[in-house]
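Index from 1, following the sequence.
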Amino acid sequence: MRQAVCELRFPTLYSLEATKPPAGLATALRKKYLEHGVAKDVAVGPTGVSQDFAHVFTDKKSKSSISLKSSALTIETAQYVSFEDFKDRILEALSFARRTIDSEILTRVGLRYINTVPYSQENISDWVNPELVRALRSGAFGDIPEYHGRIAGERDGKGFAFSHGIGVNNATRAREYVLDIDMFAEGVLVTALPEILDQLHADEFKLFLWTLGPAAYQAMGPATSK
């Protein structure tokens, strides 16, 4: 897995648009997330240019971070151990930030997983569901350097966005196939977050299994049954 991300959105707090993080949150995170930085999101819209500060707390050892901006708390890791471990990180981060957020409702809870499998045009259907890579398998377009697809919608009251296509590994520069699944629920009570995370993960894992080919199933082993 390349990356796991959870975004918890809440009603906008303009007081968070400052260069210094809330003192209580910074104190709670400082022992585990040793580094703090400020990132600026700049957007150009019909009313002009707007910017949003994001306070980013990073733990390089676990390749994880927590960021807080005026309307969202985001937890992400590039060193995914298990869903239970990631869920614990999410709930811990929310417990640290809950007093700062000061809301009993999360306007949106998103859980996103970005996975990759080896890529070669000759055997891509061994790693990825052939229904997703039919054009690649056919060879009708020759050696395809760029191939992407996206599906978005709603199912069982939850939204989803699934993107897939040829990507490049930043470390090795080798081509790989990216499977990016994002599922979300809206209007979630803070007290219901553990249950919602379980539901999103279960639905996401089912979709992830569908995206795989036989070689990926074999590489995962017993994990495909969980």
Please report the interatomic distance [atom1]([X]) to [atom2]([Y]), rounded to the nearest 0.5 Å.
X: Met183; Y: Lys206; atom1: CE; atom2: NZ; answer: 10.0 Å
X: Glu7; Y: Leu106; atom1: CD; atom2: CG; answer: 11.0 Å
X: Phe10; Y: Ser70; atom1: CZ; atom2: OG; answer: 7.0 Å
X: Ser82; Y: Asp88; atom1: OG; atom2: CG; answer: 8.0 Å
X: Leu73; Y: His55; atom1: CG; atom2: NE2; answer: 12.0 Å
X: Leu179; Y: Thr116; atom1: CG; atom2: OG1; answer: 8.0 Å

When you check the gap from the basic side-chain N to the acidic O, do [X] and [Y] get nearer than 4.0 Å?
X: Glu204; Y: Arg112; answer: no
X: Glu186; Y: Lys158; answer: no
X: Arg98; Y: Glu104; answer: yes
X: Asp203; Y: Arg155; answer: no

Examine distances only and state if a side-chain atom of [X] and a backbone atom of [Y] form a donor-acceptor pair shorter than 3.5 Å.
X: Asn169; Y: Thr172; value: yes
X: Asn129; Y: Gly213; value: no
X: Glu146; Y: Ile166; value: no

Considering all heavy atoms, the nearest [X]-[Y] contact:
X: Pro214; Y: Ser125; result: CD-O, 3.8 Å
X: Ala135; Y: Tyr147; result: CB-CE1, 3.9 Å
X: Ala219; Y: Trp127; result: CB-CZ3, 4.1 Å
X: Leu132; Y: Tyr177; result: O-OH, 4.1 Å
X: Ile114; Y: Met1; result: O-CG, 3.5 Å
X: Tyr217; Y: Leu209; result: OH-O, 2.9 Å

Original post:
What do the steps show when you test Gln121 against Tyr119 for side-chain contact (heavy atoms from CB on, under 4.5 Å), and what is the final call?
Top reply: CA-CA 7 Å; Gln121 192 163 340; Tyr119 174 79; 3.6 Å; yes
Please tell me if the side chains of [X] and [Y] come closer than 4.5 Å, counting only heavy atoms from C-beta onward.
X: Lys87; Y: Asp198; value: yes
X: Ser163; Y: Arg150; value: yes
X: Asp182; Y: Phe160; value: no
X: Asp59; Y: Leu34; value: no
X: Ile105; Y: Leu189; value: yes
X: Leu8; Y: Leu193; value: yes
X: His148; Y: His164; value: no
X: Leu197; Y: Val109; value: yes

Original post:
Would you call the rings of Phe205 and Phe208 parallel, tilted or perpendicular, where under 30° means parallel and over 60° means perpendicular?
Top reply: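 Answer is tilted, since the angle falls between 30° and 60°.
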**OP:** Just say parallel, tilted or perpendicular for the rings of Tyr80 and Tyr113, cut-offs at 30° and 60°.
**Re:**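 Answer is perpendicular, since the angle exceeds 60°.
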Subject >> ILVMFWY network linking Ile144 to Val178, side-chain heavy atoms under 4.5 angstrom >> reply: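 No, Ile144 and Val178 fall in different hydrophobic clusters.
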Original post:
So if you build clusters from Ile, Leu, Val, Met, Phe, Trp, Tyr with side-chain heavy-atom gaps below 4.5 Å, do Leu111 and Trp210 land together?
Top reply: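 Per the 4.5 Å side-chain linkage, Leu111 and Trp210 are co-clustered.
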Original post:
Does Arg108 make a cation-pi contact with Phe184 (under 6.0 Å, within 45 degrees of the axis)?
Top reply: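 Yes; both conditions hold, so Arg108 lies above the ring face of Phe184.
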Subject >> Test item: side-chain donor near acceptor, Ser120 and Asn123, under 3.5 Å >> reply: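 There is such a pair between these side chains.
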Original post:
Do you see a donor-acceptor pair shorter than 3.5 Å between the side chains of Ser64 and Thr77?
Top reply: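 Result is yes, a qualifying pair exists.
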**OP:** Quick one: do Asp180 and Arg2 satisfy side-chain contact (heavy atoms from CB on, under 4.5 Å)? Show the steps, please.
**Re:** CA-CA 10 Å; Asp180 183 344; Arg2 178 190 287 179; over 6 Å; no
**OP:** Any chance you could lay out the side-chain contact (heavy atoms from CB on, under 4.5 Å) test for Arg89 and Ser62, step after step, and finish with the verdict?
**Re:** CA-CA 11 Å; Arg89 288 177 179 270; Ser62 67; 3.6 Å; yes
Original post:
Out of Val5, Val56, Ile66, Ile90, which residue meets the side chain to side chain contact (heavy atoms under 4.5 Å, CB included) rule with Thr74?
Top reply: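 The passing option is Val5.
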**OP:** Assess whether side-chain contact (heavy atoms from CB on, under 4.5 Å) is satisfied between Arg30 and His36, documenting all intermediate values.
**Re:** CA-CA 8 Å; Arg30 63 189 292 270; His36 168 258; over 6 Å; no
